[in-house]
Amino acid sequence: MSTIDLRSDTVTQPTDAMRRAMAEARLGDDVFGEDPTIRRLEELAADLTGKEAALFVPSGTMANLVCLLTHCGRGDEFIVGDQAHIFYYEQGGSAQVGGIHPRTVPNLTDGTLDLEGVRHAIRPDDVHFPRTRLIALENTHNRCSGTPLPPDYLQKVADLAAANGLRIHVDGARIFNAAAALGVSVKRLAGAADSLSFCLSKGLAAPVGSLVCSDGNFVMQARRYRKVLGGGMRQAGVLAAAGIVALETMTTRLAEDHANAQHLARGLSALPGIELNPENVRTNIVYFNLAPPAPSAAEIVDRLSERGIKVLATGPNQIRAVTHFGITTEAIEQALAAFRRCEPW
Ligand code: TLP
C-alpha cells in the first residue's frame, strides 16, 4: 500500500533535476565565502525578493532566529501574532537564546494582526518596559489556514511601523505560495519587510535550506549570528544547488497544490462531523475540526494511517492536511475515500 503523506509540505522529495544539480555542484568553503553555488543561490534570492543581499541558512527556524537576533538586543521586545510559527513552534528561541521578549497580539482568522491592537502593544519609552523594536508577520500564515497576507495590509503595517520607528520581519516560509495565491510577485510582498525569510524545503521541494533577505549590512550581521548558532556550513553548495533548481523550476507549479487543497477541502466539508469552510482555504494548507461526538483527532489520524493516509493532529479536535509536490488529484480522491471509510464517527 503506497502512503499519501499530507502531514506537511516538508516531506517533499527532491526532483531528479535537483539530485543531478547536487551531484554536479561547484563547491567551496562557505565560511570563507568561497562556495560559488551558495553565492549564486544568495544572489538569486536577493534578486527575487528585491533585496540587496541574502544569506543561506539550514532551516526556517534558524532564519527567523537570526533575523530576531539581528533586529533586537537583550531586553528588546517584538510584536508577534499569538499563532505565529515564531511564537508557537520555535521553542521561544528569541527569549531562550537572545533575551528578546515576545509581545503577542491575537492573530485574526486571516493571519493578520489588528492594527489598533499592534498600536496599543507598542511600548512608550519608560524604564518599566522593554523597548519595542520589531513587528513580526507570517506570510502565508501557517496556523491561520495558510492564508496569504495581501500587499495593502502589509503596507498598512509598514506605515504603522515607520511612524513608530519599528522594523518589520516577515516569516515568509511559504511566500511563494502567497505570491501564487494573490497573483503578485514575491518582490511586491517583500517590499514592506526590512527582513524576509523563506524556505526552500517546503512546497519548493528542496531537501534543506532557507534564505534570509535584507539589506547588505543586515545580512553581514546575520552572517555572524548564523555562525554562532552553528549554521556556518562548509561545502553546502550541494544543498544550495537543489535550492537553485527549486527557485528556477518549482514556484510556477504551486497553484496546482492550491487547487488540490481546495478539492480536498470541498470533499471534506461535505462529510458529516467535519467543520471546514473551503473558502478559508486559499493556499496548500487545510485545517478542519471534528464536531462532537467524533473521536479525538489523534484517533482519526491513527485510523487514516491504517488506510495509508497521513495527516497531523494539530489540536484535540483539529487536523491539518497539506498538499504538495507529489500529491496528485488522484491522491486527493484516495484520501477522501479513506476519510469516508472512517465514518461513522
Ligand atoms: N513549519 C512546519 C512545522 O514546524 C509546524 C510545518 O510542517 O508546517 N515558519 C513557518 C511559517 C513554518 O511553517 C515553518 C515550518 C518554519 C517557519 C520553520 O521551518 P523549519 O522546519 O525549516 O525550521
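First listed ligand is number 1; within each ligand, the first listed atom is number 1. Worth knowing before you read on, the calculation uses all heavy atoms, side chains too, and leaves out hydrogens, waters and symmetry mates.
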- Task: List the steps, then state whether side chain to side chain donor-acceptor pair (under 3.5 Å) holds for T147 with H141.
- Result: CA-CA 5 Å; T147 311; H141 201 293; over 6 Å; no
- Within reach of ligand 1, part of R7 (heavy-atom separation under 4.0 Å): neither
- Query: F198 ring centre to R174 NZ or CZ under 6.0 Å, with the angle to the axis within 45°?
  - Reply: no
- Item | Numbered atoms of ligand 1 (with element) below 4.0 Å of E138, judged on heavy atoms | 11 (C)
- Task: Please write down residue, atom name and distance for the protein heavy atom closest to atom 5 (C) of ligand 1.
- Result: H85 NE2, 3.7 Å
- Query: At under 4.0 Å between heavy atoms, which part of D171 makes contact with ligand 1: side chain, backbone, both or neither?
  - Reply: side chain
- Query: Just heavy atoms, cut-off under 4.0 Å: does S59 contact ligand 1 by side chain, backbone, both, or neither?
  - Reply: both
- Task: Check whether any heavy atom of H141 sits under 4.0 Å from an atom of ligand 1.
- Result: no
- At their closest point, which heavy atom of P295 faces which heavy atom of R303, and how far apart are they? CG-NH2, 3.3 Å
- Would you check whether R143 reaches within less than 4.0 Å of ligand 1, judged by its heavy atoms? no
- Which protein heavy atom lies closest to atom 19 (O) of ligand 1, and at what distance to 0.1 Å? K202 NZ, 3.0 Å
- Message: Using a 4.0 Å heavy-atom cut-off, which part of M62 comes near ligand 1: side chain, backbone, both, or neither?
- Response: neither
- Message: Counting non-hydrogen protein atoms only, what is the nearest one to atom 23 (O) of ligand 1? Give residue, atom name and distance.
- Response: T61 OG1, 2.6 Å
